[in-house]
Amino acid sequence: MGKTVWIGEVQDGLYDGKTVELKGWIKRTRGSNKMRFIVLRDSTGEIQCVGKKDTIGEESFLALKEALIESSVILNGTVNVDERSEGGHELVVNAVEIVGAVDPERPFPINKEALDVVDEDGEPMPGGSEFLLNHRHLYLRTSRMTTMLKLRSSAFGAIHNYFRAGDFIEYQAPNFVAGAVEGGSTLFEVPYFDKVAYLTQSWQLYAEAAMPALERLYTIAPSFRAEESRTRRHLTEFWHAEMEVAWATNDEIMAHGEGVVRHIASTLLDERESELTSLNRDLDAIARYADSPYPKMRYDEAVEILQSKGVEVEWGEDLDYSKEKILTQDFDLPHFLTHYPKIAKPFYHRVDPDDEKYVLCHDLLAPEGYGEIIGGGERTWSEEEILRRLDEEGTPHEPYQFYIDTRSYGGVPHGGFGLGVDRVVSWLAGASHIREVIPFPRTSRRVTP
RNA sequence: GCCGAUUUAGCUUAGCUGGUGGAGCGUGGGACUGUUAAUCCCAAGGUCGUGGGUUCGAGCCCCACAAUCGGCGCCA
């Protein structure tokens, strides 16, 4: 029971005048007592199918009439080129088989009204209502969500392609861990037999352990952060593309960050132009993200710019989202922010040998208000400096003993970054909320369905 | 952790000064031979989030709780 004909191919004109069997789901129906119009969808597109009572007979016509939205069906018919049909093609049905009928007592609950969700300012928030979030398992098959999932797939593919083309080795770290990566972040605590473990916040520490073995490594994996962040940019479970390179400088790592983001943008243009267009995305902007080099700015410059705009900001404080937003509102490209003050960053960031007030790090800030999409830099690599910085922070050594050990045996300069894949897809898709680009979003107040 | 808001039929919502809760979509029935989330007629469908309180009387006023949404901090 396979499937050989796809609606997308029919709409591309591959089957004009031919008899085909279409398998799919009913998106909507309309018609009279003599003919029915069925809009059939599958994963590749939609097509209008016409069933005439004279041609298909009483029984099949009744079946078509009774088939409710989201029933699965197999329709046999002839493909006609017809301008009256959306997409330019139409199936003239001559046989009908209902595979999975929908019970009229429980019709498909998502309708046009349910899809029109707006926020407090009247801005569209697709999929944002309690009802749609509760029915996420059914919302997945709406055209907007399908489009987002296709963009997401292309972005994941682009990341793998970028790193593999650069001879990186894909490497997996454990998700149960004993200690934190991010200094102030909260960890999800989970019972682990008679012990306590945590869900990983990052692959980084375990990647650094493998750095002397593989030298160039990367992953795409979920990371977990128990922050009660209620914003359009946060998930408690998000997909993290991380990389680590031996012997690399901050500039080299930034070049990879820029490279992978540009490659994601160009891949979306190559593979998903029609999806981007259907989302009303500005293709010129995506092309700019794919083709133009990303400007770099030191933290001090950013602070000066903010101060010149009248924003109160003290040297040494981390730049929060409200300040990032002011800084990036004039940008038409992602910008790197480099050389943050040491006091704003955790122990594993390498102190700048040229000026001990700073660390050799970078953040990549996306334009259009999407915020930080990459955080990275050189790592503290000598054993002596690691111990000193842990003590400065008051962080205990025990959970990091394996990490300290890696420095004792041939430590070398190295670094890497973490990229928020969902954030990048959200930005490039122009999504109104990060949950738009992940099938089952996990946020501080929702783990279901 | 902090601030703000919402909760009325399966969905989206109206509901005046506190005085018998209306509609659209969907569903069921009927009409219609080219519709574009068709159109027209009819019907069923409501413990108004939960629990208290005030009142002759509460969807509406008061209190508590819950769920959810939006924003901030923090981050990717």
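Each chain gets a letter, A, B and so on, in the order its sequence line appears, and its residues count up from 1. Since the model is a prediction, treat every value here as computed from it, not as a measurement.
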(Q) Regarding A:Glu113, tell me which of base, sugar-phosphate or nothing describes its non-hydrogen contacts under 4.0 Å with the strands shown. (A) base

Q.
Please confirm whether the shortest side-chain N or O distance from A:Arg446 to OP1 or OP2 of B:C69 is below 4.0 Å.
A. yes

Q) Considering only heavy atoms and no angle criterion, is a donor-acceptor pair shorter than 3.5 Å present between the side chain of A:Asp320 and the base of B:C74? A) no

Q.
Within the 4.0 Å heavy-atom criterion, would you say A:Ser223 contacts the bases, only the backbone, or no part of the nucleic acid?
A. nothing

Q: Could you please name the partner base of B:A38, counting Watson-Crick and G-U wobble pairs only when both distances are under 3.5 Å?
A: none

Q | Value in whole Å for how far the P atom of B:A37 lies from CZ of A:Arg41 | A | 17 Å

Q: Would you indicate which nucleotide in B:U12, B:A76, B:C75 comes nearest to any side-chain atom of A:Ser129?
A: B:U12

Q) What about A:Gln48, does its side chain sit under 3.5 Å from the base of B:U35 through a donor-acceptor pair? A) yes

Q: Could you say whether the aromatic ring of A:Phe238 and the base of B:A76 stack, counting only centre distances under 5.5 Å and plane angles under 30°?
A: yes

**Q.** Nearest-nucleotide 5' precedence on RNA chain B, A:Asp116 against A:Phe37
**A.** A:Asp116

Q. Do the side-chain N or O atoms of A:Arg30 get closer than 4.0 angstrom to the phosphate oxygens (OP1, OP2) of B:U35?
A. no

Q. Of A:Glu228 and A:Leu419, whose nearest nucleotide on RNA chain B comes first from the 5' end?
A. A:Glu228

Q) Tell me: CG of A:Asn111 to C1' of B:C11, nearest whole Å? A) 5 Å

Q: May I ask you to evaluate whether A:Ser85 reaches the phosphate of B:G34, defined as a side-chain N or O under 4.0 Å from OP1 or OP2?
A: no

**Q.** Nearest-angstrom distance from the residue atom CG of A:Asp103 to C1' of B:G28
**A.** 12 Å

Q. So does A:His135 get a side-chain nitrogen or oxygen closer than 4.0 Å to the phosphate oxygens (OP1/OP2) of B:G10?
A. no

**Q.** Under 4.0 angstrom between A:Arg230 side-chain N/O and B:C75 OP1 or OP2
**A.** no

(Q) Looking at A:Arg28, I'd like to know whether one of its side-chain N or O atoms comes within less than 4.0 Å of OP1 or OP2 on B:A37. (A) yes

Q) Between the side-chain atoms of A:Lys52 and the base atoms of B:G34, is any donor-acceptor pair under 3.5 Å? A) yes

Q. OP1, OP2 of B:U33 versus side-chain N and O of A:Asn33: anything below 4.0 Å?
A. yes

Q. Base, sugar-phosphate, or nothing: which does A:Leu68 touch, judged by heavy atoms less than 4.0 Å apart?
A. sugar-phosphate

